[in-house]
Amino acid sequence: MAHTSANSAATTDRGAAFDERRLLIACALATAASMLLPRDSFSASLGELTSKDADMGVKAALERGVAMAVSQLGKPDGFWANERIRIPLPDWIPRFERAIKVLGRSKDIETIKLGVNRAAEQAVPLARALLVAAIRAMNVQDAKAILSGGDGAVTRYFQEKSQAALTQKFLPVVTGVTSRIGLAQQYNSLAQQLQQTGLVKLPPDQQRVETHVTRKALEGLFLIIAEEEGKIRRDPVGTGSEILKRVFGGLR
């Protein structure tokens, strides 16, 4: 009888050990499966985000991008020392450089080359409030489109929805700066003198320096904002912001 009990106990122990091994194997398989499945399966998806969270998260990301762009670009050499966003001369100046030399205005070319970048650097901080207002005016649909749009979505949003309005608001700021530093008078005088020769007819957006600087300055701003948004997408936890972690963490 004792022998039978011992056999029964041994059988029970073997069964328990088998069940334990089976449980361990199941856990291991589950862990492996979780590593193979997309991360979106384990985090909030775009569809699960509330409209309020999506709206708050995107606006927080863009305002963070604006702050970064303004601090990076709105200082001496912010544009001038950065080859990616340095503002070039308008197309007509290099094309008609020989004619400009004949007119005795060669020195103005170098002055204008630096001046357009200095104007942008001084105008950017003054336009921060305009950019933030444009961001806060976006609706929930715009926010979700940016979230699902991936890299470049921010630039597309500004170009499609806000660039015209921002240009109208940014232009007076740039006009004031270019006038104050004497750039407007130099550029506009050269443009007028060249057109009077009959050699060239400048397009409207290049007839005055402030329109050229405004367009290129906004392009530079949008680029830096988009790059900051890309950093948030790649590492939302690193931002230290709960709303950014919640919204952008679900897209990884």
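Annotation: side chain of Leu244 is in contact with side chain of Arg64 (closest heavy-atom distance under 4.5 Å). The shortest distance between side-chain heavy atoms of Pro88 and Lys216 falls below 4.5 Å. A heavy-atom distance below 4.5 Å is not found between the side chains of Leu62 and Val132. For the pair Ile109/Arg105, no side-chain contact is recorded, criterion being any heavy-atom separation below 4.5 Å from C-beta on.
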Please test Glu63 against Ile225 for side-chain contact (heavy atoms from CB on, under 4.5 Å), starting from the C-alpha separation and ending with a verdict.
-> CA-CA 9 Å; Glu63 287 189 34; Ile225 294 169; over 6 Å; no

Could you walk me through whether Arg233 and Glu228 pass salt bridge (Lys or Arg N to Asp or Glu O under 4.0 Å), step by step?
-> CA-CA 9 Å; Arg233 286 183 187 272; Glu228 183 63 18; over 6 Å; no

Check the pair Ser51, Lys144 against side-chain contact (heavy atoms from CB on, under 4.5 Å), reporting the backbone distance first and the verdict last.
-> CA-CA 8 Å; Ser51 293; Lys144 287 199 170 186; 4.1 Å; yes

Test log, rule side-chain contact (heavy atoms from CB on, under 4.5 Å), inputs Gln122 and Ile181 = CA-CA 10 Å; Gln122 292 184 38; Ile181 67 176; 3.9 Å; yes

Give the C-alpha distance, both sets of side-chain angles, the deciding distance and a yes or no for side-chain contact (heavy atoms from CB on, under 4.5 Å) between Glu219 and Thr155.
-> CA-CA 8 Å; Glu219 287 176 5; Thr155 301; over 6 Å; no

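Distance alone, capped at 3.5 Å, is enough to place a donor-acceptor pair between the Glu121 side chain and the Asp77 backbone. Within the 3.5 Å criterion, the main-chain N or O of Arg136 finds a donor-acceptor partner in the side chain of Lys59. Using a distance-only test at 3.5 Å, with no hydrogens or angles considered, a donor-acceptor pair links the side chain of Thr211 to the main chain of Arg208. The backbone N or O of Ser241 sits nowhere less than 3.5 Å from a side-chain atom of Arg246 that would complete a donor-acceptor pair. In terms of modelled atom types and a separation under 3.5 Å, the side chain of Asn188 and the main chain of Ala184 share a donor-acceptor contact. Within the 3.5 Å criterion, the main-chain N or O of Gly149 finds a donor-acceptor partner in the side chain of Arg156. In this structure, the side chain of Asn117 does not engage the main chain of Arg86 through any donor-acceptor pair within 3.5 Å.
Leu194 approaches Ala99 most closely through the heavy-atom pair CD1-CB, 4.0 Å. Counting all heavy atoms, side chain and backbone alike, Val70 lies closest to Pro125 at CG1-CA, 3.9 Å. Residues Gln206 and Pro90 approach most closely at OE1-CB, 3.9 Å, considering heavy atoms. The heavy-atom pair separating Leu183 from Ala119 by the smallest distance is CD2-CB, 4.2 Å. Of all non-hydrogen atoms in Ala134 and Tyr157, the two that sit nearest each other are O-OH, 3.7 Å. Of all the heavy atoms in Phe248 and Gly57, the pair that sits closest is CE1-O, 3.7 Å.
Rounding to the nearest 0.5 angstrom, the gap separating the CZ atom in Phe222 from the CD1 atom in Ile85 is 13.0 Å. We find the CZ-CD distance between Phe170 and Gln163 to be 11.0 Å, quoted to the nearest 0.5 Å. Atom-to-atom distance recorded for Ile100:CD1 and Arg95:CZ is 10.5 Å, nearest 0.5 angstrom. Between the CG atom in Leu114 and the CD1 atom in Ile112 there is a gap of 11.0 Å [rounded to 0.5 Å]. If you take CE on Met68 and CG on Leu221, they are separated by 13.5 Å, rounding to the nearest 0.5 Å. Taking OG1 of Thr178 as the start and OH of Tyr187 as the end, the distance is 11.0 Å to the nearest 0.5 Å.
A salt bridge is absent between Glu229 and Arg234; no separation between the charged side-chain nitrogens and carboxylate oxygens falls under 4.0 Å.
At a threshold of 4.5 Å between side-chain heavy atoms, the hydrophobic network of Ile, Leu, Val, Met, Phe, Trp and Tyr places Leu171 and Val173 in two separate groups. The same ILVMFWY cluster, assembled from side-chain heavy atoms under 4.5 Å apart, contains both Phe96 and Val116. One hydrophobic cluster holds both Val213 and Leu202 under the rule that ILVMFWY side chains link at heavy-atom gaps under 4.5 Å. Under a hydrophobic-cluster definition in which Ile, Leu, Val, Met, Phe, Trp and Tyr are linked whenever side-chain heavy atoms come within less than 4.5 Å, directly or via other members, Val124 and Trp80 are assigned to different clusters.
Under a cut-off of 6.0 angstrom, the local environment of CD in Gln195 is crowded, with over 12 non-hydrogen atoms contributed by other residues, nucleotides or ligands.
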